[in-house]
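By convention in this document, chain letters (A, B, ...) are assigned in the order of the sequence lines, proteins followed by strands, and residues within each chain are numbered from 1.
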2 protein chains.
Amino acid sequence: MFDPACPSRLSPVRIGDKWGGLVLLCLEDGPRRFSELRVPLARVAPKVLTETLRALERDGLITRTIVGGSPPGVSYAVTPLGRTMFGFIAACREWAAEHLPAVLEARSAYETRL
Amino acid sequence: MFDPACPSRLSPVRIGDKWGGLVLLCLEDGPRRFSELRVPLARVAPKVLTETLRALERDGLITRTIVGGSPPGVSYAVTPLGRTMFGFIAACREWAAEHLPAVLEARSAYETRL
DNA sequence: CTGTATCCGACACGATACTG
DNA sequence: CAGTATCGTGTCGGATACAG
């Protein structure tokens, strides 16, 4: 547990980074193409989005498939393994909804106490 | 949700960083002093441990109380708010226990595919 | 004992421009 | 359309030494 090399330290896989979880959520309702992801994630530089997608693909959480046709493009989809993260992400959001106000309050109280 | 300023983006509060969650776990069974934390967290530089503890305190997840007596010292304890994170952390560990092997397999498969 | 001071390297994130 | 190339920035984590 306390060994930094312990794989369990990777628990929040792709959640620890800034956009991984959000990208997964964007794919929850079905496959999306690169440009479709850029709509909700407009603030993400293309380079960063690419890096995030590569990392998710590398970890087997999403697939990347080239699509012929017109217009040609690339489609990203969540794998079954990736879907197992959704429960986890939901837990994140529930915790936030329930307790984040208290955290923010503690934070501002801490500031004024300085 | 997609606004970077949205507070829900802070969901993995103090989990996103490297040691926050682990420090909380160290306090699960009761208060600990600074030096006691340094035993399991021997690899953490004192500066980093201090930063982590300050951040947790700032967010209202732990308390820091000065203890007179002998030896004098400081005691850290989880607050009720901090305890609400344990379910969340447990979910992390369960996910890892169940699915991490698949991630590692995908990762090595990805490497060899290059 | 409980930190703080200082310095450093690595890396994540980002803006912009360009390409097959 | 789907990226890559390049460059820049800031923050995080860490080692070491020192102080109240």
* Asked: Between A:Leu41 (CG) and C:dC13 (P), how many Å, whole number?
  -> 13 Å

* Whole-Å distance separating the CG atom of B:Leu53 from the P atom of C:dG3 ->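 The distance from CG of B:Leu53 to P of C:dG3 comes to 8 Å, rounded to the nearest Å.
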
Which heavy atom of [X] sits nearest a heavy atom of [Y], and at what distance?
| X | Y | value |
| --- | --- | --- |
| A:Met85 | A:Leu61 | CG-CD2, 4.3 Å |
| A:Ala91 | B:Phe88 | C-CE1, 3.9 Å |
| A:Pro46 | A:Phe34 | O-CZ, 4.2 Å |
| A:Leu37 | A:Pro40 | O-CD, 3.3 Å |

* Where do A:Leu104 and B:Asp59 land on the side-chain contact (heavy atoms from CB on, under 4.5 Å) test, with the steps shown first? -> CA-CA 7 Å; A:Leu104 296 178; B:Asp59 285 352; over 6 Å; no

* Looking only at atom types and distance, does a side-chain atom of B:Thr79 sit under 3.5 Å from a main-chain N or O of B:Gly60, one as donor and one as acceptor? -> yes

* To do: Look only at the side chain of A:Thr52 and the backbone of A:Trp19, and say whether a donor-acceptor pair between them is shorter than 3.5 Å.
  =>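 The answer is no, because no donor-acceptor pair under 3.5 Å joins these two groups.
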
Identify every side-chain donor-acceptor pair in residues 25-32 of chain B under 3.5 Å, counting partners at least two apart or on other chains, and give the distances.
none

* Among all residues two or more places apart in sequence or in another chain, which pass the side-chain contact (heavy atoms from CB on, under 4.5 Å) test with A:Thr84? ->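 side-chain contact (heavy atoms from CB on, under 4.5 Å) check on A:Thr84 returns A:Leu81, B:Trp95, B:His99.
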
* Asked: Looking only at side-chain N and O atoms, does B:Arg38 come under 4.0 Å of OP1 or OP2 in C:dC1?
  -> no

* To do: Examine D:dC1: is either OP1 or OP2 under 4.0 Å from a nitrogen or oxygen in the side chain of A:Tyr76? Give yes or no.
  => no

* Per the end-axis method with five pairs at each terminus, what is the bend angle of the helix from C:dC1-D:dG20 to C:dG20-D:dC1, to 10°? -> 50°

* To do: Identify whether the distance between the nearest side-chain nitrogen and carboxylate oxygen of B:Arg107 and B:Glu111 falls below 4.0 Å.
  => no

* To do: Can you sort out which residues in residues 30-37 of chain A have a heavy atom within less than 4.0 Å of DNA chain D? Ascending by number, please.
  =>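 Here the set is A:Arg33, A:Phe34, A:Ser35.
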
* Can you list the residues that meet the side chain to side chain donor-acceptor pair (under 3.5 Å) rule with B:Arg64, with sequence neighbours excluded? ->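 Applying side chain to side chain donor-acceptor pair (under 3.5 Å) to B:Arg64 gives B:Tyr76.
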
* How would you label the contact of A:Pro71 with the nucleic acid (heavy atoms, under 4.0 Å): base, sugar-phosphate, or nothing? ->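 No contact at all - A:Pro71 keeps every heavy atom at 4.0 Å or more from the nucleic acid.
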
N/O-N/O pairs, protein side and nucleotides 11-15 of chain D side, under 3.5 Å:
residue: D:dG13; atom: OP1; partner: B:Lys18; partner atom: N; Å: 2.8
residue: D:dG13; atom: O3'; partner: B:Lys18; partner atom: NZ; Å: 3.4
residue: D:dG14; atom: OP1; partner: B:Lys18; partner atom: NZ; Å: 3.0
residue: D:dG14; atom: OP2; partner: B:Trp19; partner atom: NE1; Å: 2.8
residue: D:dG14; atom: N7; partner: B:Lys47; partner atom: NZ; Å: 3.3
residue: D:dG14; atom: O6; partner: B:Lys47; partner atom: NZ; Å: 2.1

